[in-house]
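The block underneath contains the structure these notes are about, expressed in structure tokens.
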Amino acid sequence: MKNIPDQIQDAKEKMPNVTPTPPGLKAQSSAHDLKARLEWGEPALTILDVRERTAYNKGHIMGAMPFPKEDLVERAKSSLEPSRDIYIYGGSDAETAEAANLLRSAGFTNVAEITGGLDAWRAIAGSTEGTDDAKDPAPDEAYNVASNLKHHAETQSNDV
């Protein structure tokens, strides 16, 4: 007859592995792949936007860092580990592939191209930031500081 620790070990070995795991890095990743990884809560990754700075300022994936193609390899070598998981996107899939290949040629081993780029990210309601993405909250929304201050000023003047 087996002892209790052996019986427990036997039971564990017979059970299927149901432990969820985060999605892995793929050379060609969809916006869904990146979003799933972020939602998993595994932030051990870097998102690079290789478009021109003006395009980046207008809107980009939240948390993405601007690394224009002309400075990409130099900046990446000085600030990122070669084994770091990197998700990269540009203005087109061709630009994204070119930038990813530059990084791979420079020794970066875990580079994923986000197919569809920012448009694909927006299509799945991914979080973005930038001047074109900023919008004023509706006046009736509770977090609207401007309307709250206006309301406060109006109610204060009525008390005087």
Side-chain angles (χ1 to χ4, degrees), residues 1-51 53 55-69 71-130 132-135 137-138 140-145 148:
M1 184 163 147
K2 292 184 177 181
N3 61 26
I4 291 178
D6 289 339
Q7 290 175 349
I8 292 172
Q9 185 60 35
D10 287 346
K12 285 182 178 179
E13 289 172 3
K14 291 178 183 175
M15 293 180 68
N17 184 5
V18 293
T19 305
T21 56
L25 184 94
K26 299 184 287 188
Q28 301 288 321
S29 293
S30 69
H32 286 286
D33 294 331
L34 174 58
K35 193 171 185 186
R37 178 126 180 229
L38 292 171
E39 289 173 347
W40 179 261
E42 186 185 345
L45 58 92
T46 299
I47 305 168
L48 300 181
D49 184 324
V50 297
R51 299 173 301 147
R53 186 60 184 229
Y56 173 87
N57 289 343
K58 288 181 179 182
H60 55 271
I61 294 174
M62 187 168 290
M65 297 187 319
F67 273 51
K69 274 192 317 189
D71 302 331
L72 176 63
V73 173
E74 181 182 316
R75 290 184 65 195
K77 282 185 172 184
S78 69
S79 60
L80 300 172
E81 290 292 322
S83 61
R84 177 82 172 168
D85 285 0
I86 300 171
Y87 286 82
I88 192 166
Y89 70 96
S92 67
D93 285 345
E95 182 181 30
T96 300
E98 180 184 349
N101 288 332
L102 287 172
L103 285 180
R104 291 179 186 122
S105 296
F108 289 88
T109 56
N110 300 324
V111 180
E113 303 167 31
I114 304 172
T115 55
L118 184 59
D119 290 338
W121 182 254
R122 284 184 170 139
I124 62 167
S127 298
T128 59
E129 54 190 350
D132 287 356
D133 295 324
K135 52 187 169 197
D140 59 343
E141 293 179 6
Y143 67 87
N144 186 326
V145 175
N148 287 342

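Count residues from 1 along the sequence. What you are looking at is a predicted structure, and each value in this text was computed from that prediction instead of being measured.
The shortest non-hydrogen separation linking Ile88 to Ala99 is CD1-CB, 3.6 Å. Summarising the geometry of Ser29 relative to Ala112, their closest heavy-atom pair is OG-CB, 3.5 Å, with the distance given to 0.1 Å. When all heavy atoms are compared, the tightest approach of Ala106 to Val73 is CB-CG1, 3.6 Å. Minimum interatomic distance between Val50 and Gly90 (heavy atoms only, all atoms of both residues): CG2-CA, 3.6 Å. Taking all atoms of both residues into account, the shortest heavy-atom contact from Glu113 to Ala100 is CG-CB, 3.4 Å. In terms of heavy-atom proximity, Glu129 sits nearest to Ile61 at OE2-O, 4.4 Å.
Residue Ser79 holds its OG atom at 8.0 Å from CG of Leu48, rounded to the nearest 0.5 Å. Here the CG atom belonging to Asn110 is positioned 14.5 Å from the NZ atom belonging to Lys26, to the nearest 0.5 angstrom. Atom CD in Gln9 sits 11.0 Å away from atom CG in Asn3 (nearest 0.5 Å). Rounded to the nearest 0.5 Å, atoms CZ (Arg51) and CG (Leu118) are 5.0 Å apart. Here CD of Gln28 is found 10.5 Å from OG of Ser30. Values are rounded to the nearest 0.5 Å. If you take OG1 on Thr128 and CZ on Arg122, they are separated by 5.0 Å, rounding to the nearest 0.5 Å.
Using a distance-only test at 3.5 Å, with no hydrogens or angles considered, no donor-acceptor pair links the side chain of Ser105 to the main chain of Leu102. Put simply, the side chain of Tyr87 never gets that close to the backbone of Asp33: no donor and acceptor are under 3.5 Å apart. A donor-acceptor contact shorter than 3.5 Å links the side chain of Arg84 to the backbone of Leu45. Arg75 places a side-chain N or O within donor-acceptor distance of the main-chain N or O of Pro66, the cut-off being under 3.5 Å.
Counting heavy-atom neighbours within 6.0 Å of Lys35 NZ, excluding the residue itself, gives a total above 12.
Among Asp119, Thr115, Asp49, the single residue meeting the side-chain contact (heavy atoms from CB on, under 4.5 Å) criterion with Tyr89 is Asp49. Of the candidates Leu34, Ile114, Ile47, Leu34 is the only one forming a side-chain contact (heavy atoms from CB on, under 4.5 Å) with Trp121.
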